[in-house]
Amino acid sequence: MAKFDEMAFYDHKEMTNISYAPPATPWMDTPVQFRPGSYIYPGKARHLEYLGLPNAREWEVTENDWKLQDNWKQIILEGMADRLQRFRSFKLFMDICVRCGACADKCHFFIGGGDPKNMPVLRAELLRSIYRKNFTAMGKVMGKIAGGRPLTIDVIKEWFYYFFQCTECRRCSVFCPYGIDTAEITIMGRELLGLLGIYVNWIIEPAANCFRTGNHLGIQPHTMKDIFDDFATDIEDITGISLDIPFNKKGAEVLFVTPSGDIFAEPGIYTAMGYCLFFNEIGLDYTWSTYASEGGNFGLFTSNEVMKRLNSKIYAEAQRLGVKYIIGGECGHMWRVLHQYMDTMNGPADFLETPKNPITGTVFEHAKSTKMIHIMEFMADLIKNGKMPPVDKSRNDDCVVTFHDSCNPARGMGIFEEPRYVLRHVCNNFVEMPENTIREQTFCCGGGAGLGTDENMEMRLRGGLPRGAAVKHVQDEHGVNRLSCMCAIDRATLHTVCEYWAHGVEVCGITELVANAMICKGEKKREINMRFQPLPGAEQE
Amino acid sequence: MQTRRLAYQAHWLSIMLSRTLQLKREAIAQRWLYSVYDSYAPETAKFLKKKKDPFDNPVGARMVASTAGICEQICADELDAEAVCGHLIEIIKVRAVQDMSPSKAMSFVFSLKDAARQELGQEADAALLTEIDRRVDQIALFAFDIYVKCREQMYQLRVNEVKRKVKTIINKFNKENCGVDPEDEPGEDAPLTSTQRGVEL
Ligand code: SF4
Ligand code: SF4
């Protein structure tokens, strides 16, 4: 087949064809064409080796030969049999779909991209058809008529293409009358691909880094300390307050964990600086850790086992440091792992206490088991009890803010009100996006679940269209210029989504806005915000 | 004398053009819109036609508004380039990032010719059809420019993203090793202004 950058790729017959409608071939008979911009580069052998994953080798997506094991078919089928037995939900989801179509038009990749195989129901069928053919009596006998099909290399390639065009956002599951969660089917699909050593580098490299140095980016302890020293200098320049940022402090009351993306890349760093200022101001006895220096868990996008290994670091560090409980920052999928899996995977964390706010005395009963609470829950509790440091909302008056519910905290954890409550407390101008694009129905940024790299930009932009369209609407109608969110991946990917679909809207974390507004004890006259931009009104003076 | 006659003919043509076309404008727009929908797979076309909410179906919503807007221009006395481009951008921004070849992404412009012919029927005046073709060709040229701009912007966004990822480190490195304060340097990832980008996308 001609390559994308060769002229012959554009079939000349198609170019002169007067009818522009595509031929209606049944989906099972339409093999994938790997188009640059729509797939992610394969995982490098050394990262697979580091994590002890099978079939570590260098390979190319566009090559015919993916260098699979000789018995790859057997590996997949055995892997499927094993998982059907171990995970009840997987077996259930394979069996109960009635193909009602309620989920079909709910996926942002289908809505923005128009490829029918991105309809959640069809995405699941990619796997279900193999299940039917090999694990159900009807499928074995009737084959295609019963919705079954044989397992071929083309099927594996198709899985790779479409399971890495699903951000595991769970929007489709909200609309399914049976509660089928296509995200979990994608998770299973990726696990099966993993048995053949088929991973994408953007997931497997952070996972390996995280295992080795504690965070996705492979930041080593001394570098991390350096970065925080810089934060302290910047915070002093902005507020006049000099603060000590505690690291690996034994016996601290609280361990704070957040994604490493935020201590590294813009605009997340402003939120990370905000955490430091906030904790300092309320006088919380807390500590950062260089060992559990990552909230994110790319194991969730790799396999159950890798997820467990990476997640175990948080409890291990909490135990080593002897803290009472854990607070988590504005992270996305960390909360999904934590809320849905951590307790049974690595718990119970008997050595910790049920989180209790030392300032208000509130006991967070709902976290009795995991011993970990969200920073927004903590802040909301302070505000509710009148213990939040005083704020000057007008310092955020240059921002008309809207809030993007990140899929994982929203649908994976159910935290909707606290962030809004905090935002309203620190900003004068807050506007909601349309109802069918927020809360449970929120649209994904298009770059979650390990898709937030740059080589698949085209795919990400079409996946980000529904979110972008809603942002553009509030930009046009209400002059929104800030999109706040509680997820480090979102802060990176939405920046790009906004540049393309709603130019002029900037992205920020909530704690950044809190830090702007918070009036700290002994601060100097504040003239600039956390981004070193003049505060509203300061320019004229 | 000759010039006067030509001017008169041109005037007459434009009146005739706008009258006939005005009558058919909505029908042409509708037919064209459906042919744009049909350039997608059947299941997708069905969805685009059916869902009316602009947030559940942002692609469809853009297409409805933009095809109508462009048809208005086709039927006007003169093409207003700015208005046409404004509508084209809405459609092309989407098609430039969908999984299709450039030729396929652009094909929707030319299907406007077919839509017009089908609606105007056999008896359509040759001069009228020539004028429509001329306008569609002009729109196609605008469309090329916009498509390329969109693709360029997409690549630029890739670059910006990579730069943002390493910015903190590079600034730190420069500060420590070269004594350069990043605040004094021109921002390497400053967003392109609309003039740099040529078209406000
Ligand atoms: S989980 Fe999200 S990305 Fe995956 S199919 Fe469902 S809606 Fe689409
Ligand atoms: S909504 Fe549920 S039952 Fe209906 S097609 Fe989708 S997954 Fe199947």
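This one's a predicted model, so the numbers in the text were calculated from it and none came from an experiment. Quick note on labels: first sequence line is chain A, next is B, and so on, each numbered from 1.
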Ranked by heavy-atom pairs below 4.5 Å to chain B, first place among A/M459, A/H108, A/K106, A/R460 goes to A/R460
> Counting distance only, does the side-chain N/O of A/R462 pair as donor-acceptor with the main-chain N or O of B/V94 below 3.5 Å?
Replying inline: no
Q | Side-chain donor or acceptor of B/Y40 paired with backbone N/O of A/P116 under 3.5 Å | A | no
Please work out whether the ring planes of A/F110 and B/F47 are parallel, tilted or perpendicular, with thresholds of 30° and 60°. tilted
Counting neighbours of CD on B/E26 that are heavy atoms of other residues, nucleotides or ligands and sit closer than 6.0 Å, is the number greater than 12?
no
In this structure, CZ of B/R164 is separated from CZ of A/R491 (nearest 0.5 Å) by 13.0 Å
d(B/S101 OG, A/Q33 CD) to nearest 0.5 Å is 9.5 Å
Note: A/A469 and B/P58 closest approach over all heavy atoms is CB-CB, 3.8 Å
Rounded to the nearest 0.5 angstrom, the CG-CD1 distance for B/D56 and A/I111 is 6.5 Å
CD (B/E43) and CG (A/L122) are apart, to the nearest 0.5 Å, by 7.5 Å
Applying a strict 4.5 Å limit to non-hydrogen atoms, the region of A/M119 in contact with chain B is side chain
Cut-off 4.5 Å, heavy atoms of chain B, and the answer for A/A104 is neither
- Query: Distance-only, no hydrogens or angles: does the B/E161 side chain make a donor-acceptor pair with backbone N or O of A/M457 under 3.5 Å?
  - Reply: no
Got more than 12 heavy atoms from elsewhere within 6.0 Å of NZ, B/K113? yes
B/D99 and A/E458 have their tightest heavy-atom pair at CA-OE2, 3.9 Å
Whatever's closer than 4.5 Å to a heavy atom in chain B on A/R467 counts as neither
Does the side chain of B/R158 come under 3.5 Å of the side chain of A/T453 through a donor N or O and an acceptor N or O? no
### Message
Apply side-chain contact (heavy atoms from CB on, under 4.5 Å) to residues A/E435 and B/F55 and explain how you reach the verdict.
### Response
CA-CA 9 Å; A/E435 204 56 44; B/F55 303 105; over 6 Å; no
Whatever's closer than 4.5 Å to a heavy atom in chain B on A/E455 counts as both
*Does the side chain of A/D454 reach to within under 4.5 Å of the side chain of B/V162, using non-hydrogen atoms?*
yes
Taking every heavy atom of B/R62 against every heavy atom of A/W501, the minimum-distance pair comes out as NH2-CE3, 3.6 Å
Note to self: Run the side-chain contact (heavy atoms from CB on, under 4.5 Å) test on B/N160 and A/T496 for me, step by step, so that the C-alpha distance in whole Å, both residues' side-chain angles and the decisive distance to 0.1 Å come before the verdict.
What the structure shows: CA-CA 9 Å; B/N160 291 354; A/T496 304; over 6 Å; no
Rounded to the nearest 0.5 Å, the CG atom of B/L157 sits from the NE2 atom of A/H495 at a distance of 9.0 Å
Taken to the nearest 0.5 Å, the spacing of A/D105 CG from B/K51 NZ works out to 4.0 Å
